[in-house]
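This report concerns only the one structure given below.
Numbers restart at 1 for each chain; the letters A, B, ... are given by sequence-line order, proteins then strands. In this text, all values refer to a predicted model and were calculated from it rather than measured experimentally.
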There are 2 protein chains.
Amino acid sequence: MLLSKSCIYALRASVLIASKKNDGFITIRELSDELNISFHFLTKVLQELTKAELLESYKGPNGGVKLARPANKITFMDVVESIDGDYMINECVLGLPGCGVMKPCALHDQWSVLKTDIINMMNEYNLEAIAKNRELQRSFERKSAQFANL
Amino acid sequence: MLLSKSCIYALRASVLIASKKNDGFITIRELSDELNISFHFLTKVLQELTKAELLESYKGPNGGVKLARPANKITFMDVVESIDGDYMINECVLGLPGCGVMKPCALHDQWSVLKTDIINMMNEYNLEAIAKNRELQRSFERKSAQFANL
DNA sequence: GTATATTAAGATAAAATAGTCTTAATACCA
DNA sequence: TGGTATTAAGACTATTTTATCTTAATATAC
Ligand code: SF4
Ligand code: SF4
């Protein structure tokens, strides 16, 4: 898989946060219930997003987490980098040590093009856009109530 | 990472086999030495390629492994599927259960394009082409003797 | 201040992946 | 026939990732 499970959880949760208009704090319990992710595990993942300053957290009653900046200022890549690191940029899916443009492997010519596309997509797509897309899909699919729970 | 380490080892080894003109058997020891991969681990990985009928193996003196068919008839995808399965096609990097065209997640529109590109590349690129590319790169880089060891 | 709600942190466990080691099976060769 | 080279198979270990559970810290409200 391209992204770790932790990273997918982080994405799903941050998109869900972005899709709630409410700009107060949302409890992690509410998120974990809605996304069907273990509360404690999600807590840890979101702690990393807080450390990375993508989220703000607040303890106690009416506490929870919220986006640290507007949803359109947090990119897909921001979330991926916070959890999985920058392997996508500095390493490579093929993960050969020390490779790159100056020291390419036999797949570099073919792969680097695709890799660049993925990086660009991740940089251009942000939580606001993803959340909008998510709502659009849900409105389409309302009849069947079937949708992938990103 | 997109591919497991086992899968990367399988790729590196099969490309190396393809790049040896010799159509006799090559010992796994020779491959593991040249690629700096644990002999026993590589043995296991290549056993899977043998089971998948991408390689043929032969025991005893002058034994080893060789490609089961011409290098241009074994695709990148063949190797990936043999080791990592068909997750790339049937699952997804985002790995949400039961998603797909009929039940897309909020990233599907953006991601599925890139995913298709990757699948196409893997299907079109074969061991012969990769091996040729590998040799080309080595001839370029001979001065510095630096290259990524795919 | 005390009880309650909440995130933070850390200890532990389970599962998946990666790696090592030993033995077995098979084939060649002398 | 016996010795050697080689892959096959399986047991075992180590590491990483994922998940759970417990306790601590912090904030609120009464
Ligand atoms: S494709 Fe490029 S970045 Fe990836 S392993 Fe090969 S040389 Fe490195
Ligand atoms: S991008 Fe498409 S295939 Fe991947 S998880 Fe989303 S809906 Fe599924």
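Ring geometry for F76(B) versus Y125(B): interplanar angle of 30 to 60°, hence tilted.
Taking atom OH of residue Y9(A) and atom C1' of nucleotide dT17(D), one finds them 11 Å apart after rounding to whole Å. Taking atom CZ of residue F41(B) and atom C1' of nucleotide dA8(D), one finds them 16 Å apart after rounding to whole Å. In this entry the distance linking CD of E48(B) with P of dA9(D) reads 11 Å, nearest Å. Taking atom CG of residue L42(A) and atom C1' of nucleotide dT17(D), one finds them 16 Å apart after rounding to whole Å. F39(A) places its CZ atom 14 Å from the P atom of dA9(C), with the value rounded to the nearest Å.
M122(A) is connected to I130(A) through a chain of hydrophobic side-chain contacts under 4.5 Å among Ile, Leu, Val, Met, Phe, Trp and Tyr, so both are in one cluster.
At a threshold of 4.5 Å between non-hydrogen side-chain atoms, the residues P70(A) and E128(A) do not count as touching.
Heavy-atom distances to DNA chain D give each of C7(A) and H40(A) a nearest nucleotide, and the one nearer the 5′ end belongs to C7(A).
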Shorter than 3.5 Å, N or O on both sides, protein versus nucleotides 28-30 of chain D: list them out with atom names.
unit_1	atom_1	unit_2	atom_2	d
dT28(D)	OP1	Y58(A)	OH	2.9

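Considering only residues two or more places apart in sequence or on other chains, R29(B) meets the salt bridge (Lys or Arg N to Asp or Glu O under 4.0 Å) condition with none of them.
Panel note: side chain D117(B), backbone L114(A); no donor-acceptor pair is recorded below 3.5 Å.
For the atom pair CG (L35(A)) and CD (E30(A)), the distance works out to 10.0 Å, reported to the nearest 0.5 Å.
I28(A) comes within 4.0 angstrom of sugar-phosphate atoms only, judged by non-hydrogen atoms across all strands, and of no base.
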